[in-house]
Every structure is written in C-alpha cells, then in structure tokens.
Amino acid sequence: MFVLTDRDGVINKNCDGDYIKRWEDFEFLPGAIDALKRLAREGVMCAIISNQSGVGKNVMTKEELYEVDKRMHEELRKNGCVVEKTYYCIHRPEEGCSCRKPMPGLLLEACREMNVNPKEGFFIGDYYTDIEAGYSAGMRTILVRSGRGEKALLDKEEWKVAPDFIADNLEEAVDIILNLKEKG
C-alpha cells in the first residue's frame with residue numbers, strides 16, 4: 001500500500017486563484033503534518049503530485065517553486081514525515097501535456113519510480129481533476145473537503161468519475177487508508 005497526494009488544499013492552504021511563490025506564503029493545513037507522520041510510522045510510502053502552472057504562465061519561476069518544495073520537505077523531515085518525492089506539472093492547461101491532472105502521467109511516473117502497482121495505492125486530492133487522474137491511473141481515490149473540496153462537492157455535474165471515499169481532510173483520509181490497511 002502507498003499514497004500519492006495533491007499538495008495545495010490537501011497538505012497546505014490553497015491560495016485561491018494565486019500561486020505559492022515564496023516559503024512565507026506556504027501554510028500547512030491543520031493536522032497535515034501529523035497525518036503524513038502517521039503514514040511514515042505505518043511504513044506507507046508517500047509522494048506528492050501537484051499541478052503548478054504558475055511556472056508555465058511566468059507567474060513564478062522554477063527556482064521559486066523548487067525553493068518552496070525544498071523548504072516543505074525540510075519541514076516535513078524535521079517533523080518525522082517521509083515523503084519520497086514531489087512531482088510537479090509546470091505546464092499551462094492549454095498545452096495538453098500528459099502530466100497535468102486530470103491526466104495520469106505524473107501518478108504513473110511516481111508509481112514506476114517507487115516500484116509500486118497503482119492498484120495498490122490511493123490518490124488523495126481536493127478537486128475532481130485529482131479524482132479523475134487517480135481513477136485513470138487505476139488507483140483508489142479520496143476527495144478531501146479541505147482546499148477546493150467543498151466546491152468540488154457542489155460541482156458534481158462536472159465529475160466524470162466519483163471518488164471512492166470522501167474525507168474532511170488529510171487526517172481523515174489517512175484514517176480511512178490505515179483502517180483498510182489494518183483489515184488487510
């Protein structure tokens with residue numbers, strides 16, 4: 001069992017239409033660090049998958065994105081969390097790349113690099129495009145209400161697929177995953 005998770009709106013506060021360009025703008029959501037720490041304690045591998053088209057739109061630089069990523073990983077490690085890697089799509093939506101969610105490209109790349117079967121994993125996200133990406137990759141999916149999750153629940157007519165589970169936040173999503181792990 002393993003977990004892939006979206007970043008903005010799941011691990012950290014979403015900037016509502018803007019991008020996190022500086023570490024000072026990054027704010028962990030309540031309980032997110034504890035949830036990731038629990039996965040590490042249970043031996044569940046975890047990686048992050050995130051669309052960051054601000055780079056492709058020249059709103060932020062790759063260097064700014066990777067500085068925030070580096071600081072996030074440092075903070076997670078300092079708190080006992082183990083996140084294998086972060087996978088970013090930096091393309092604009094209109095570029096039609098295979099790595100931008102809802103396409104499953106980055107999820108499948110993460111599975112290959114982690115040497116895991118997508119069918120044995122979960123993808124956690126806060127928007128229906130996350131759920132579509134997880135479904136397309138063959139993973140079980142959890143929609144969290146944090147971030148854009150409440151909006152996604154109101155926009156059900158936009159859904160192409162439904163999530164396997166709905167949780168209030170990352171902590172509750174991890175509860176679901178660890179309960180299923182315990183049951184075998």
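Atom CE of residue M114 and atom NZ of residue K85 lie 11.0 Å apart, to the nearest 0.5 angstrom. Rounded to the nearest 0.5 Å, atoms CE (M103) and CD (E132) are 10.5 Å apart. Atom-to-atom distance recorded for I90:CD1 and Q52:CD is 10.0 Å, nearest 0.5 angstrom. Atom CG of residue D175 and atom CZ of residue R38 lie 4.5 Å apart, to the nearest 0.5 angstrom.
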Walk me through it: do M72 and R7 pass the test side chain to side chain contact (heavy atoms under 4.5 Å, CB included)? CA-CA 10 Å; M72 176 188 68; R7 189 189 84 175; 4.0 Å; yes
For the pair L170 and L29, evaluate side chain to side chain contact (heavy atoms under 4.5 Å, CB included) and give the outcome as yes or no after the intermediate values. CA-CA 9 Å; L170 184 56; L29 286 171; over 6 Å; no
Can you check salt bridge (charged side-chain N to carboxylate O under 4.0 Å, His left out) on K13 and D25, steps first, answer last? CA-CA 9 Å; K13 189 175 179 185; D25 299 329; over 6 Å; no
L76/I33 under side chain to side chain contact (heavy atoms under 4.5 Å, CB included): CA gap, chis, key distance, verdict: CA-CA 7 Å; L76 290 172; I33 289 175; 4.1 Å; yes
Please evaluate residues L180 and F122 with respect to the criterion side chain to side chain contact (heavy atoms under 4.5 Å, CB included), reporting the C-alpha separation (whole Å), side-chain torsions for both, the decisive distance (0.1 Å), and the verdict. CA-CA 11 Å; L180 290 170; F122 289 86; 3.6 Å; yes
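A donor-acceptor pair shorter than 3.5 Å cannot be found between the side chains of K160 and Y135. When only modelled atom types and interatomic distance are considered, E64 and Y19 share no side-chain donor-acceptor pair under 3.5 Å.
A salt bridge does not link R100 to E95: none of the charged nitrogens lies less than 4.0 Å from a carboxylate oxygen. Salt-bridge formation is not detected for the pair E74/R77: no Lys NZ or Arg NE/NH1/NH2 atom is positioned less than 4.0 Å from an Asp or Glu carboxylate oxygen. Classification of K151 and D126 as a salt-bridged pair fails, no side-chain N sitting under 4.0 Å from a carboxylate O. Note on E75 versus K78: salt bridge recorded, some NZ/NE/NH1/NH2 to OD/OE distance being below 4.0 Å.
Taking the side chain as every heavy atom from C-beta outward, D130 and T141 never approach each other to under 4.5 Å. Side chains of D69 and Y88 form a contact here, defined as non-hydrogen atoms less than 4.5 Å apart. In this structure the side chain of S98 never reaches within 4.5 angstrom of the side chain of H91, judged on heavy atoms.
Both I176 and L178 are members of a single hydrophobic cluster when ILVMFWY side chains are connected at heavy-atom separations under 4.5 Å.
Scanning both residues, D6 and I48, for their nearest heavy atoms gives C-CG2, 4.3 Å. The shortest non-hydrogen separation linking P104 to A133 is CB-O, 3.7 Å. In terms of heavy-atom proximity, V144 sits nearest to A173 at CG1-CB, 4.1 Å. K37 approaches C81 most closely through the heavy-atom pair N-SG, 3.6 Å.
W23 places no side-chain N or O within donor-acceptor distance of the main-chain N or O of K70, the cut-off being under 3.5 Å. Judged purely by atom type and a 3.5 angstrom limit, K101 has no side-chain atom pairing as donor or acceptor with the backbone of G125. Between the side chain of S146 and the main chain of G9, a donor-acceptor pair closer than 3.5 Å is present.
Within a 6.0 Å radius of CD in E24, more than 12 heavy atoms belonging to other residues, nucleotides or ligands are found.
Classified by interplanar angle (parallel below 30°, tilted 30° to 60°, perpendicular above 60°), the ring pair F26/F28 is perpendicular.
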